[in-house]
Chemist: 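Right, I'll just put the structure down here and ask away after.
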Amino acid sequence: MILLEVNNLQKSFDGSAVLKNISFSMEPGQVLAIIGSSGSGKTTLLRCLNFLETPDAGEIIVKGQKLLGGASEEQIRKNRLHFGLVFQNFNLFPQYTALENITLAPSLLGLGSKQELRDNAMRLLEQVGLRQKADFYPYQLSGGQQQRIAIARALALRPEVLCFDEPTSALDPELTGEVLRVIRGLKNKDNTMIVVTHEMEFARSVADVVIYMADGVIEEMGTPEEVFEHPRSEKTKAFLRGAASVL
Amino acid sequence: MTFLQQLPIVFGALNVGFLQTLKLFGITLVGALPLGLIIAFGSMSRFRPLSIVTRFFVWIIRGTPLMIQLLIIFYFPSMALGQPIWGSGENGRFAASAAAFIINYACYFSEIYRGGIQSIPVGQLEAGQVLGMTRGQIFVRIMLLQVIKRIVPPVSNEIITLVKDTALARIIALQEIIWAGTAFLKGSQGISGQVWPLFFTALYYLVFSGALTLLFGWVEKRLDYFRG
Ligand SMILES: Nc1ncnc2c1ncn2[C@@H]1O[C@H](COP(=O)(O)OP(=O)(O)OP(=O)(O)O)[C@@H](O)[C@H]1O
Ligand SMILES: [Mg+2]
């Protein structure tokens, strides 16, 4: 079964093409890792999936339902709910506690009673290991903790595909582990996820499919083994050599 | 008349004047705080003609003395239409003063609001969008409190300035506290040539702005529970 299908997605800014004919598909429960050098269009792809950018052409199909086209604000809002996005720099709402950050959107969407939403949020906090921080404000939390709250906030809307844009790259090295552990835990609960990351070891161990992007195209796509051990494209080989020499 | 005999007369007159000062102060805030928000939205509008016209208007108002604006608003309509629109007497002068102050302060507030709104990181807005919120919900539930926290200090500053700016309405003879004080220089209620009542008005401003300072300090404290 196909959960998400992306066909020939294109996006350019000021005449320069940033995404050129991006196509891939995902099955439920799969984890897709996207790697690639800076400026290759990874963030733009996630932003298109979350309708923060409008693609110039192409299709986004979730469970057989095509999401592009209907450009009314109401329609875009509905489209967005199929996806969740965890940002590089968390973007928690500073005036709300961790718990309120998680319950705000579900309560505005009327997804349950106050008590139900609270209970669900507490479950999510448990899942990300921060139950005891429910009443803390973002400034009282470390970067890693803030990112885990942001993950719980995205999960509260039960998106069909949860996207992560370099979820650990704004964190001190010693805090990346706790966030990656949470993402790994989500995989075990059959969440469908797209993770843009520079953490090659993580991509290799957690992903079912790896995409290497270069200059707005999918240069290489396959299992972690295929991409990391037996890359076909010269660009991929060069990128992986570069990544290895950094580590 | 001895000083002690003058005292209750002067107090009475200054109190009446200060009441007029307070009325002008109050109505200016009630009108200008919300009008400023509308102007701010206008100046940030993605509809270019609207934002250009709004910014031009704000430039005119902020670029010219409030005193001149008072004179224009009070006298110009009757010059142009051949008949006064503000009504006669103190009520007419109050209405004209209120109009001038509201427009003037709304423009200053609008720039503070605009700065406050634009200083909120775009990531906050996008976080709301990906969580399926409407534009209205994002403004009210996410932006508003963060904006308020950021603009309380500059808005307080403007409001303290407004307390003293009300004295400018004297140019069209509004009978506010400075006008009341000046009356004892020229001669009023058997007192003339006395300058101390005018000096004394400073105490009213001082006490009132002191009270406002305490109020704003309290508001800032109330918003201290979060950062950002
Ligand atoms: N809003 C925009 N306006 C103009 N150009 C943009 C915009 N957003 C992205 N770009 C350009 O698109 C290209 C791809 O950017 P994108 O952020 O998607 O790359 P990325 O793969 O996420 O890079 P990084 O690894 O540095 O995060 C870059 O050249 C960038 O300058
Ligand atoms: Mg990026």
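Chain identifiers are assigned alphabetically (A, B, ...) following the order of the sequence lines, protein sequences preceding nucleic acid strands; residue numbering begins at 1 within each chain.
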Chemist: Hey, is CD1 on B:Ile27 packed in by over 12 heavy atoms from elsewhere, all under 6.0 Å?
Modeler: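 Result for CD1/B:Ile27: open.
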Chemist: Heavy-atom distances under 4.5 Å only: say whether A:Leu108 touches chain B with side chain, backbone, both or neither.
Modeler: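 Contact with chain B is through both the backbone and side chain of A:Leu108.
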Chemist: So does B:Phe56 have more than 12 non-hydrogen atoms from other groups sitting under 6.0 Å from CZ?
Modeler: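 At most 12 heavy atoms, drawn from other residues, nucleotides or ligands, come within 6.0 Å of this atom.
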Chemist: Which atom names give the shortest non-hydrogen contact between B:Ala127 and A:Phe93, and what distance separates them?
Modeler: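 That would be CB-CE2, 3.8 Å.
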Chemist: So between chain A and chain B, what donor-acceptor pairs come in under 3.5 Å?
Modeler:
from, atom 1, to, atom 2, distance (Å)
A:Arg47, NH1, B:Glu126, OE1, 3.0
A:Arg47, NH1, B:Glu126, OE2, 3.1
A:Arg47, NH2, B:Glu126, OE2, 2.8
A:Arg77, NH1, B:Gly132, O, 2.6
A:Asn91, ND2, B:Gly123, O, 3.4
A:Leu92, O, B:Gln124, NE2, 2.8
A:Gln95, OE1, B:Gln146, NE2, 3.3
A:Gln95, NE2, B:Arg141, O, 3.3
A:Gln95, NE2, B:Ile142, O, 2.9
A:Tyr96, OH, B:Arg141, O, 2.7

Chemist: Could you tell me which residues satisfy ring pair (Phe, Tyr, Trp, His ring centres under 6.0 Å) with B:Phe200, sequence neighbours excluded, listed by chain and number?
Modeler: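 Ring pair (Phe, Tyr, Trp, His ring centres under 6.0 Å) list for B:Phe200, sorted by chain: B:Phe11.
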Chemist: Considering residues at least two apart in sequence or located in another chain, which fulfil the ring pair (Phe, Tyr, Trp, His ring centres under 6.0 Å) criterion with B:Phe139?
Modeler: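 B:Phe139: ring pair (Phe, Tyr, Trp, His ring centres under 6.0 Å) contacts with B:Phe41.
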Chemist: What's the shortest heavy-atom distance between B:Leu131 and A:Leu109, and which atoms?
Modeler: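 That would be O-CD1, 4.0 Å.
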Chemist: Among A:Leu46, A:Leu49, A:Leu52, which residue satisfies the side-chain contact (heavy atoms from CB on, under 4.5 Å) criterion with B:Val130?
Modeler: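 Considering A:Leu46, A:Leu49, A:Leu52, a side-chain contact (heavy atoms from CB on, under 4.5 Å) with B:Val130 is found only for A:Leu52.
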Chemist: Run the side-chain contact (heavy atoms from CB on, under 4.5 Å) test against A:Ile61 and tell me which residues pass, sequence neighbours left out.
Modeler: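 Checked A:Ile61 against side-chain contact (heavy atoms from CB on, under 4.5 Å); matches are A:Glu5, A:Asn7, A:Glu59, A:Lys66.
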